[in-house]
Amino acid sequence: MECMSMMWGLVPVLLLVSYLQNCVHGEPEVPCYFIFGDSLSDSGNNNKLVTLGRANFPPNGIDFPNGPTGRFCNGRTIVDVLAELLKLDDYIPPYATVSDHRILGGANFGSGSSGIRDETGRHYGDLITMKEQLKNYQVAVSRITNILGNDTAAMDHLSKCLFTVGIGTHDYINNYLLPQLYPTNSEYTPVQYASVLINQYFQQLKTLYKNGARKVAIFGLGRLGCTPIELGLYGDVTETECVEFVNDAVQLFNERLVKMVDDLNSNLTDARFTYINMSGIQSFDAAAFGFRVKNNGCCGGQLPCLPFAASCSNRTEHLYWDFINPTEAANMIYAQRAYISQSPSDAHPMDIHTLAQLHSGEADDT
């Protein structure tokens with residue numbers, strides 16, 4: 001805890017790498033970690049799907065110990081860094097390959113291009129929607145029940161686990177903001193679309209709760225109007241850092257997400273949900289951390305990162321690895337602030353470190 005209280009202001013990324021390596025020691029903070037989401041967390045679930053939305057080829061994984069595993073990143077994703085901060089023994093394996101031996105420690109259900117809505121991202125090919133991720137999780141719960149012997153033991157085990165859910169990015173980038181391919185933009189105003197998404201998301205999170213989740217961190221959407229893909233579609237990269245109408249639409253979703261978290265905490269009193277303010281976290285002073293390139297991905301620029309494509313050598317100076325997903329250097333900063341808040345606005349009502357320490361049904365008094 002003392003190690004994590006270090007001042008952030010001018011810490012360069014390379015120093016932060018060493019800092020995290022030295023700080024993360026001791027007993028795991030949770031016995032298990034289950035992950036739901038999209039390309040920001042996928043660690044290989046899309047590898048065998050018929051889809052353009054895969055990342056199990058170079059230069060993806062150029063800085064990851066095992067090379068290209070299916071992560072949409074040059075190295076670690078935000079959930080990989082969180083696993084380290086939680087002092088877990090290893091990264092959480094993708095559900096597609098997780099063994100019974102390892103499933104007690106958690107599984108990653110994330111799928112690149114997926115969304116809250118079933119049609120999101122379908123122009124890329126096959127994917128695992130949030131609804132399908134929850135079905136896979138229910139199968140995983142059955143496997144855990146068989147291993148532990150009964151439902152009571154399984155539910156007790158799951159109540160101690162951390163769950164993170166980060167989904168919705170592609171419901172905008174690969175749905176609402178692609179009117180050429182999807183009708184949602186003409187069917188809903190931005191306010192209506194945010195409400196429709198939240199209503200569906202609320203039901204999905206209640207399903208997660210009904211199947212044992214009791215400590216759940218929900219990632220808000222980041223500043224999607226600042227991603228290279230949106231700058232390429234709607235912005236003038238020589239003059240504009242972000243496409244503000246996109247960020248405004250995302251903010252409508254995030255505002256409703258905060259209220260949804262409050263509603264979940266009020267209604268499901270034996271569980272704790274928390275909101276991670278990714279848009280706020282991503283508003284940090286990038287230059288102070290050595291990031292010089294914010295409008296182009298290291299691989300692909302404002303287009304997808306293709307197999308065996310050339311990538312930049314100055315990866316710690318790029319915020320984005322490809323046209324949507326952050327570099328490992330950016331993920332380290334985002335994960336650290338999600339884990340222990342730098343600002344009171346980073347998390348509501350608590351950061352992930354505090355959530356991990358809670359016992360099932362315990363309220364945070366801070």
Is a donor on one side and an acceptor on the other found under 3.5 Å between the side chain of Asp322 and the backbone of Pro304?
-> no

Do the side-chain N and O atoms of Asn74 and His318 include a donor-acceptor pair separated by under 3.5 angstrom?
-> no

Is it true that Tyr176 and Tyr182 have ring centroids separated by less than 6.0 Å?
-> no

Relative to each other, are the rings of Phe284 and Phe291 parallel, tilted or perpendicular (30° and 60° limits)?
-> perpendicular

With sequence neighbours excluded, what pairs up with Arg256 under the side-chain hydrogen bond (donor to acceptor under 3.5 Å, both in side chains) test?
-> Ser195

Could you tell me how the ring of Tyr172 sits relative to the ring of Tyr193: parallel (under 30°), tilted (30 to 60°) or perpendicular (over 60°)?
-> perpendicular

Geometric class of the Phe245/Tyr234 ring pair [parallel <30°, tilted 30-60°, perpendicular >60°] = perpendicular

Assess the side chains of Ser111 and Asn46: does a donor N or O sit below 3.5 Å from an acceptor N or O?
-> yes

Side chains of Glu119 and Asn175: donor-acceptor distance under 3.5 Å anywhere?
-> yes

Heavy atoms only: give me the nearest Ser114-Gly37 pair and the separation to one decimal.
-> OG-O, 3.1 Å

N-O pairing of Asp118 and Lys131 below 4.0 Å = yes

ILVMFWY cluster, Tyr137 and Leu127 together (side-chain gap under 4.5 Å) | no

Is Arg102 close to Asp90 at the side-chain level, that is, under 4.5 Å between some pair of heavy atoms?
-> yes

Taking the side chain from Thr145 and the backbone from Val141, do they hold a donor-acceptor pair closer than 3.5 Å?
-> yes

What orientation do Tyr209 and Phe273 show, parallel under 30°, tilted 30 to 60°, or perpendicular over 60°?
-> tilted

Indicate, with yes or no, if Leu208 and Leu104 share a hydrophobic cluster defined by side-chain heavy-atom contacts under 4.5 Å among Ile, Leu, Val, Met, Phe, Trp and Tyr.
-> yes

Is the shortest distance from a Lys or Arg side-chain nitrogen in Arg337 or Asp351 to a carboxylate oxygen in the other one below 4.0 Å?
-> no

In plain terms, say whether Glu328 and Arg315 are close enough for a salt bridge, that is, a side-chain N and a carboxylate O under 4.0 Å apart.
-> no

With Ser39 via side-chain contact (heavy atoms from CB on, under 4.5 Å) - residues at least two apart = Phe72, His170, Asn325

Regarding Asp171 and Thr120, is there a side-chain donor-to-acceptor distance under 3.5 Å anywhere?
-> yes

Can you find a heavy atom in the side chain of His353 that is under 4.5 Å from one in the side chain of Leu85?
-> no

Under 2.5 Å between the SG atoms of Cys312 and Cys298: is that the case?
-> yes

